[in-house]
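Notes for the one structure printed next.
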Amino acid sequence: MAGRRPIIEIRNVDKYFGEFQALNDVSLTIHAGERVVICGPSGSGKSTLLRCINRLEEPSAGRLTVDGIELTGAKDTLRRVRTEVGMVFQQFNLFPHLTVLENLTLGPMRVRRISRSEATERARKYLDRVHIPEQAEKYPSELSGGQQQRVAIARSLCMEPRIMLFDEPTSALDPEMINEVLDVMVELAGSGMTMVCVTHEMGFARKVADTMVFMDEGEIVESSPPDAFFSRPSSKRCRQFLDRILEH
Amino acid sequence: MRDLIRRLTWLDVVLLAVVAAAVAWVGLRIQGTLNYEWRWEIIPNYLLRFDEQNGRWVANLLLQGLVTTVRIALYASVLALALGVMIGIGRTVKNLTVRMLARTYVELLRNIPPVVVIFIFFFFLSEQLIVAFNIEGWARGIAQGDSAGAWTFLFGDMRLFPSMISGVVVLALFESAFVGEIVRAGIESVGRGQREAAGSLGLSRVDELRFVVLPQATRRVLPPLANQFISLVKDSSIISLISVQELTYKTVELVSSTRAIFEAWITTALLYFVLCFCLSLLFRRLERQGRTEMRA
């Protein structure tokens, strides 16, 4: 990754929920175009770290810089960063009262201030990209889980962000729908998008990741290229975790 | 009908018999002890009266009162809705002062009996406001003006306008606390994930509320709001205490002039019942329609 521009810099971040420490002195640098997969047992702080990047959670201490903008509490920098960072949630979080097309055009029209026709054109382009152009007029509740998650990906892409965050995007899906979502994510990875994914899909991780990050108890335990990560993890905790999820 | 009879169980029969016996017993008691002379024949005349001078039927006391009640309920609910939406949003915003003010408003109005609220408002505020805005003079001007007819249709006798306005305002204040709680519950029922999704798209807080939260909240609060509106119609009887000439006030008037206590109050009860029951049927139908539309 040498020579590439760092796009996300996380420096000594702590996060407390009351007494509970969710993140403990976490530092991580992610470069433009890099694809990072974060894994770890539940409660290890991976989602919290991801949510700190677009400030859905506010770090208790430490510094976070995204695309050259330091994330402080200030509203204008917050919104600027959020338009550059797309987020895909485990529970999709589509807007149920809007059609698929309206879900996709709301952000670009209200935040990017582009016209309805331009936004619609863009929305159709990204619906094509996630292979469901024919569902544009439907409501989210009429779609399958896999289709809903692909709409959610398209909704984020419509903002044309520089970074995409995925928070366990396949964990709420029935097994037969996981692959259609992963396929879209693999294609996206091929397009050079900077991606940070929290996931347990190790096949996907092997295929696309430039860097694997393993977290446990709020700390980054291991961070290495996938080859090294899967063949010879250096820490015992990481080895145990991999044994547990790879044994099937 | 035959189906219905076949479905009756012995429990139904017993229950119906007990209710019938209770009604008959109360009826007999009244007949035996009250020595009351029923004069139902005078009531229709107090609903509609034939005006000899103009040669046409006009509304008399009870119907006048009913119309005033409907007017007041309508205006008060519009005002209560506007206030309530502000209060409800106020209770969910980030700013602590706004939240505290909204909370104080709601708690004050919810924990003081409506009659007390109404008297306090009437004696301390209403008089001052009416004088300050010269509402009395303004209303008199309108009553003598060209468009008096339209104003009378909307607000009834313009000479009673000041009292009607206090009635509307006081009722709206009181109900807005409940509307505010309904709106707050509606806003809070929209999941955190929806707000996070809106936020992560970069929507501003106002846009988030306008395009994501409120449209979803609206659908959920319509049924409880309809109920609150029916409550408002019933609660409007309280403002007879500050001499607003609505149905209850007119009934009191009627009773004192005719002494037909039972007939008058039973008729009034029926009028309220029909009004509120029709409203609840109407809302139920609208709700069902709304639900099928949403599914489509």
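Chain letters run A, B, ... following the sequence lines, proteins first, then strands; residues in each count from 1.
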* Structure fact -> Ordered numerically, the heavy-atom neighbours of chain B under 4.5 Å found in residues 91-106 of chain A are A:Asn93, A:Leu94, A:Phe95, A:Pro96, A:His97, A:Leu106
* Enclosure of A:Arg11 CZ (heavy-atom neighbours >12, cutoff 6.0 Å) -> yes
* **Within 6.0 angstrom of A:Glu121 CD, more than 12 heavy atoms from elsewhere** => no
* Asked: Of the listed residues (A:Arg155, A:Arg51, A:Arg110), which shares the most heavy-atom pairs with chain B below a 4.5 Å separation?
  -> A:Arg110
* To do: Step through the shown structure and confirm whether more than 12 heavy atoms of other residues, nucleotides or ligands are within 6.0 Å of CZ on B:Phe277.
  => no
* Residues of residues 79-107 of chain B with any heavy atom under 4.5 Å of a heavy atom in chain A -> none
* Structure fact -> Quick note, salt bridge (charged side-chain N to carboxylate O under 4.0 Å, His left out) partners involving residues 77-101 of chain A, not counting sequence neighbours, are A:Glu84-A:Arg112
* When only heavy atoms count and the cut-off is under 4.5 Å, which of residues 181-218 of chain B reach chain A? -> B:Arg192, B:Gly193, B:Gln194, B:Glu196, B:Ala197, B:Ala198, B:Gly199, B:Ser200, B:Leu201, B:Gly202, B:Leu203, B:Ser204, B:Asp207, B:Arg210, B:Phe211, B:Val212, B:Pro215, B:Gln216
* Asked: Who wins among A:Val81, A:Val88, A:Leu56, A:Leu165 for the most heavy-atom pairs under 4.5 Å with chain B?
  -> A:Leu56
* **CZ/B:Arg110: more than 12 non-hydrogen atoms of other groups inside 6.0 Å** => yes
